[in-house]
Amino acid sequence: MHRKLFYPFLKGDNMATPAAEEIKNSKVEPLTRRKAWKALETHAGKMRETHLRTLFAGDPKRGERMTVEAAGLFLDYSKNRVTDETLRLLLQLAEESGLKQRIEAMFRGDKINVTEKRAVLHVALRAPRSASILVDGENVVPQVHEVLDKMAVFANRIRSGAWTGHSGKPIKNIVNIGIGGSDLGPVMAYEALRHFSNRDLTFRFVSNVDGTDFAEAVHDLAADETLFIVSSKTFTTLETMTNAHTAREWLLGKIGGHQSSVAKHFVAVSTNAAEVAKFGIDTANMFGFWDWVGGRYSMDSAIGLSTMIAIGPENFRKMLVGFHEMDEHFRTAPFEKNLPVLLGLLTVWYANFFDAQTVAILPYEQYLKRFPAYLQQLTMESNGKHVTLEGNPVDYTTCPIYWGEPGTNGQHSFYQLIHQGTRLISCDFLAFYRTVNKLGRHQDMLIANVFAQTEALAFGKTPEQVKAEGTPDWLVPHRVFEGNRPSNTILADELTPAMLGKLVALYEHSVFTQGTIWQVNSFDQWGVELGKALAQRIIPELENKTEPDLKHDSSTNNLIRRYRKFKE
Ligand code: G6Q
């Protein structure tokens, strides 16, 4: 049920905080009371009984009709369990949810991240120089380009060998130290754009506080040729700061240098100049960003410094152009032709009306091998929420679980469950017409598998078809494919920097669309706080020489005691 929580700031005259004002102005009915929602509930009853075979048989042009092409991406959504009526109702739900107004509010720089009282302006990170986006009355676009220019100068110095380390040798190895939003984007982008990267440079990414991550990352690196980029918005994150300090000790230990050599081997990406300076990094070598860039929306900010060093400033700018193209599409295209809106609405459709628990992201492009992991944070940290913007518990499901692996590997493992398991899993298949690695027949085989999988998922194989193949009766049930498993197919030219920008923006805005429908704040992440705080309390309890006075529950106390006993 929709239980109302008591929040003092929501009472009458107290509606004066920016957060409360923002919420009051949104004037949107609770989700389950919206007309379109109710109509969708009734409609879904029928659709749950309808097979994709019937939908395709009834409309020979369905596979051509239910497609949209924009910003160089082609989306075939015909293999979804939807009719024109479903789409009409989902689009009506978007209208009733105030999606248009929310998009405008985001692009305008309104403080739509109400719990942190911040604007949400990753779109400003890729706005052209001539654009103007105001935050608290100030145009932020010139600041964005100032940082990009500074990054470009630095990236070129590294790439050309002009930047030298302590011993006068050029830098050969770049190690990005960061976690979450300060790691997943850089790793994903580096892998995705490896073809465009400078192969004379080695890139490593250290995120985990598990010492193995650091140890293995630097194992074969020459310290005097290594540059660490400490990427941390706050410059206080436990994992990142622990790894950064370990890196400094490692460096100084290897080169026997003085603290001053730190400045030659460390740069920072942060919003916290004071902490950066305290660490020993010259703030002239600090690349800034702003509180209106969320971690998981920051791969195209200075957090992308490693990406820029890898692929060069020109390619980085092409990536930004790709992002911007999708931003403009999202902002201006009518919803029925709007790729992120359609993707977002389809996710809502399965999550809320088919009780789908998960979405599989299946890139048929080896370079996108970290894309599912990247999207896990983008989607689940954004929309894995249980209260609305007003703080009311939701009485509907929010974000599904995202997961996936690059094709065709998954076909030989978990696809069994997608084809014949008991769960409905909607799948996004991503594929490209062309590859930069043209090897024999590989690409045709790869793409044949994409089309084959979506066909098999949608249409399956009936008992009659199985029998007709001469299968003995006892084996027939095992070989039947029910079909009716939904999928989207997204096709594009080739994975270039611009294309990567478009793809990331596509999902960013799909997440925005979903969050708007569910009326959650897609831009905070309070759910990561409790574990962090408890860890801070437990660390000394593990390290203290004297037996600590434990005040946890009996399980946690016992685990701590056991670890203390066996750790040496
Ligand atoms: C992302 C989150 C989170 C964040 C990391 C790293 O949206 O805010 O993943 O990016 O916790 O934070 P720092 O960059 O401050 O170290």
Side-chain angles (χ1 to χ4, degrees), residues 106 112-125 147 175-189 205-210 213-214 228-248 266-276 278-279 281 286-307 370 372-385 399 402 504-505 507-512 514-515 520-536:
M106 173 170 72
I112 60 169
N113 176 355
V114 289
T115 58
E116 297 179 316
K117 300 191 182 117
R118 287 176 183 166
V120 172
L121 273 180
H122 41 281
V123 293
L125 297 170
V147 174
V175 181
N176 186 75
I177 301 180
I179 195 163
S182 302
D183 167 70
L184 287 158
V187 176
M188 183 278 288
F205 299 85
V206 177
S207 53
N208 201 338
V209 77
D210 182 335
D213 203 9
F214 180 82
F228 291 97
I229 304 175
V230 185
S231 296
S232 176
K233 186 170 163 181
T234 53
F235 228 71
T236 55
T237 305
L238 172 89
E239 292 89 338
T240 303
M241 295 328 295
T242 307
N243 280 320
H245 282 104
T246 301
R248 192 172 58 183
F266 281 82
V267 297
V269 177
S270 186
T271 54
N272 190 345
E275 286 298 321
V276 168
K278 224 191 273 174
F279 184 88
I281 294 175
M286 169 178 146
F287 302 86
F289 57 121
W290 307 270
D291 73 354
W292 42 261
V293 185
R296 57 193 172 275
Y297 296 88
S298 68
M299 60 165 276
D300 47 340
S301 71
I303 289 292
L305 183 61
S306 59
T307 315
R370 295 293 291 167
Y374 174 78
L375 286 190
Q376 286 189 320
Q377 182 193 28
L378 183 67
T379 55
M380 297 197 275
E381 203 172 41
S382 295
N383 287 336
K385 308 286 160 69
C399 190
Y402 278 75
V504 173
Y507 281 94
E508 284 177 348
H509 299 321
S510 164
V511 164
F512 184 88
Q514 296 165 46
V520 297
N521 184 358
S522 306
F523 304 103
D524 61 11
Q525 56 281 319
W526 300 104
V528 304
E529 298 296 327
L530 179 59
K532 276 194 210 170
L534 290 176
Q536 287 297 352

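Remember, it's 1-based here, ligands and their atoms both numbered in the order they're listed.
- Of the candidates Asn113, Asn383, Thr379, Ser522 forms a side-chain hydrogen bond (donor to acceptor under 3.5 Å, both in side chains) with just one, namely Asn383.
- More than 12 heavy atoms of other shown residues, nucleotides or ligands fall within 6.0 angstrom of atom CZ in Arg118.
- Distance CG/Leu184 to OH/Tyr374: 8.5 Å, rounded to 0.5 Å.
- Side chains of Glu116 and Gln525 form a contact here, defined as non-hydrogen atoms less than 4.5 Å apart.
- The side-chain contact (heavy atoms from CB on, under 4.5 Å) test with Phe266 is passed by exactly one of Ile229, Val276, Ile281: Ile281.
- Taking Asn243 as the reference, Ile177, Val206, Phe214 meet the side chain to side chain contact (heavy atoms under 4.5 Å, CB included) condition, with sequence neighbours excluded.
- Listed by chain and residue number, the protein contacts of ligand 1 are Ile179, Gly180, Gly181, Ser182, Ser232, Lys233, Thr234, Thr237, Gly295, Arg296, Gln377, Glu381, Gln525 (heavy atom within 4.0 angstrom).
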